[in-house]
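Step one of this worksheet: look at the structure below.
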Amino acid sequence: MNVFKFGGASVKDEAAVRNLAKIAGNTPDEKLIVVISAMGKTTNALERLTDAFFYGHENTEVILKEIRDYHVGITEKLFPDSKHPIHTDLHNCLVELDWAIEDPPTHSYDCEYDQIVSVGEILSTKIVAAFLQENGVKCVWKDVRDFVKTDNTYREGKVDWELTRERIEEELLPCFSTFNMVVTQGFLGVTSENFTTTLGREGSDYTAAILAYCTNANSLTIWKDVPGVLNADPKWFDDTRLIPQMTYQDAIELTYYGATVIHPKTIKPLQNKNIPLYVKSFLHPEKEGTKIHDVQSP
Ligand code: ASP
Ligand code: MG
């Protein structure tokens with residue numbers, strides 16, 4: 001088992017989704033879990049939608065339309081056949097978003113936030129899974145809320161590891177008797193009362209680490225728009241160098257000091273099971289990138 005994680009930039013438009021399909025579809029892995037974030041800046045747009053819904057400063061219709069047009073636009077390019085079932089599927093997800101903001105808020109801001117913002121990952125994974133299937137990949141779409149169980153700390157859900165591990169065994173692993181690949185959402189979890197939670201902004205890396213940990217995966221690869229972990233942020237420095245390998249401890253310190261390559265919670269679960277983490281460029285998948293592992297071990 002291997003786990004791939006693709007962030008928002010790797011699904012931001014038609015070309016990006018095609019590129020992802022090439023990378024994921026071409027791996028020789030027999031069993032691959034693909035964790036995907038919301039497309040492009042969708043999470044930010046959904047945050048604005050939540051604010052508009054909760055506080056009424058902005059018009060929800062305008063933001064909804066922006067989100068709808070963006071997803072429909074990408075989907076129409078990927079699936080020119082207007083009869084393809086993805087179009088109805090997408091429409092139904094977007095209608096659910098309409099419903100989520102139809103009546104005035106009844107829960108806390110954070111709870112409403114999670115119910116609304118989570119739709120971004122549902123949309124992206126539906127589109128990508130359908131596209132992979134269309135291209136002959138034997139994959140299945142799974143709702144990560146069937147197995148990532150959290151408490152009710154909305155926007156920062158704390159994972160119930162024992163229950164999550166059990167659910168993964170019951171719900172996720174059996175998929176591999178029929179499929180080679182499972183496509184699922186990053187960032188999302190669910191409470192015991194079936195309310196959606198999120199794991200904190202940029203939390204998809206963490207989801208990928210949770211799934212890698214609970215399935216005893218051989219490796220986790222995080223696909224990014226940078227060549228790997230660099231010695232400095234290219235936003236501020238011209239002369240940056242790729243770090244080919246580093247220890248888990250170095251990686252933890254790096255994220256602690258504010259480097260934004262990897263979500264800080266990602267490393268620990270991997271370190272506990274000695275699962276190597278690769279950070280690679282989705283623009284140059286043939287390049288090595290960075291390997292984060294226990295450098296001492298063989
Ligand atoms: N889509 C979520 C966010 O933008 C989660 C993630 O990208 O990791 O924060
Ligand atoms: Mg994102």
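In listed order, ligands and their atoms are each counted from 1.
- Aromatic ring pairs are classed by plane angle as parallel below 30°, tilted from 30° to 60° and perpendicular above 60°; the pair Tyr213 and Trp161 is perpendicular.
- Heavy atoms of Gly203 come nearer than 4.0 angstrom to ligand 1 in at least one pair.
- A parallel orientation is assigned to the rings of His263 and Tyr206, their planes being inclined by less than 30° (bins at 30° and 60°).
- Side-chain atoms of Lys158 come within 3.5 Å of backbone atoms of Glu156 as a donor-acceptor pair (strictly under, hydrogens ignored).
- The ring of Tyr113 has its center no closer than 6.0 angstrom to the ring center of Phe54.
- Inclusion of Thr43 in the set of residues having an N or O under 3.5 Å from an N or O of ligand 1 is warranted.
- Under the 30°/60° scheme for interplanar angles, the aromatic rings of Trp223 and Phe6 are found to lie parallel.
- With ligand atoms numbered from 1 in the order given, ligand 1 contributes 3 (C), 4 (O), 9 (O) to contacts under 4.0 Å with heavy atoms of Arg201.
- With Glu121 contributing its side chain and Met39 its backbone, the two residues share no donor-acceptor pair below 3.5 Å.
- Atom numbering of ligand 1 starts at 1 in the shown order; those under 4.0 Å from a heavy atom of Glu121 are 1 (N), 2 (C), 5 (C).
- In Ser37, the part holding a heavy atom less than 4.0 Å from any atom of ligand 1 is the side chain.
- Near Phe187, meaning under 4.0 Å from any of its heavy atoms, are these atoms of ligand 1: 2 (C), 5 (C).
- Inclusion of Asp205 in the set of residues having an N or O under 3.5 Å from an N or O of ligand 1 is not warranted.
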